[in-house]
Amino acid sequence: MRLLSLLFVLLLTLSVAPLAADARSDAKKQVEFGIAVSQRGLWREAIYRWERAAQIDPTYAAAHNNLAIAYEHEGDLDKARAAYEKAIELEPNNSFIKQNYELFKEINDRTTRQDNQ
């Protein structure tokens, strides 16, 4: 009986790995489509695709980073900050994401200071 339980756990573990790989693959396709439409200026469609990617695979930092850029482009700075922070949380050593976030904070802080003067 113990051997049967161990085999069941092993089988369950092996079946979860392909699901995670499929989720990342599906999320990647959404991210790539989002990039393509954003390059044509279709930012709402890009946001939709990147939100889908983040729903499909919540651990996909690139989806959150791209969402942050799109939210920033559309002027939704609170959502942009949250998306950048999620991307950084997921991949704290990703220099590309850190650079985007630092630039966002610099511009956003400068704009906020100018608005308050």
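Here the structure is a predicted model, which means the values were calculated and not measured. Only this structure's heavy atoms are used, side chains among them; waters, hydrogens and symmetry mates stay out.
Both Phe33 and Leu42 are assigned to one and the same hydrophobic cluster, defined by single-linkage of ILVMFWY side chains at heavy-atom distances under 4.5 Å. There is a path of hydrophobic side-chain contacts, each under 4.5 Å, that joins Ile88 to Ile69. Transitive grouping of hydrophobic side chains (ILVMFWY, heavy atoms separated by less than 4.5 Å) keeps Leu77 and Ile107 in distinct clusters. Connection of Phe96 to Leu90 is not established within any shared hydrophobic cluster, with ILVMFWY side chains joined at heavy-atom distances below 4.5 Å, either directly or through further cluster members.
The side-chain heavy atoms of Tyr71 and Arg81, taken from C-beta on, include no pair separated by under 4.5 Å. Between Arg24 and Thr59 the shortest side-chain heavy-atom distance falls below 4.5 Å.
Taking the six-membered ring where tryptophan is involved, the planes of Phe104 and Tyr84 are tilted, since the angle between them lies from 30° to 60°.
Across all their heavy atoms, Gly34 and Ala46 have their closest contact at O-CB, 3.5 Å. Listed here is the closest heavy atom pair of Ala61 and Ala87: O-CB, 3.7 Å.
In this structure, the separation between CZ on Arg44 and OG on Ser38 is 15.0 Å, given to the nearest 0.5 Å. Once rounded to the nearest 0.5 Å, the distance linking CG of Asp57 with NE2 of His64 reads 8.0 Å. Once rounded to the nearest 0.5 Å, the distance linking CD of Glu91 with OH of Tyr60 reads 9.0 Å. A distance of 14.0 Å separates NZ of Lys28 from CD1 of Ile56, quoted to the nearest 0.5 Å. Taking CG of Leu67 as the reference point, atom NZ of Lys79 lies at 9.0 Å (rounded to 0.5 Å).
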Next on the checklist: Let's go through Lys98 and Glu102 carefully: what are the C-alpha distance in whole Å and the side-chain angles of both, what is the deciding distance for salt bridge (Lys or Arg N to Asp or Glu O under 4.0 Å) to 0.1 Å, and is it a yes or a no?
Outcome noted: CA-CA 6 Å; Lys98 287 194 302 191; Glu102 290 303 317; over 6 Å; no
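Using a 4.0 Å cut-off between charged side-chain N and carboxylate O, Lys29 and Glu32 make no salt bridge.
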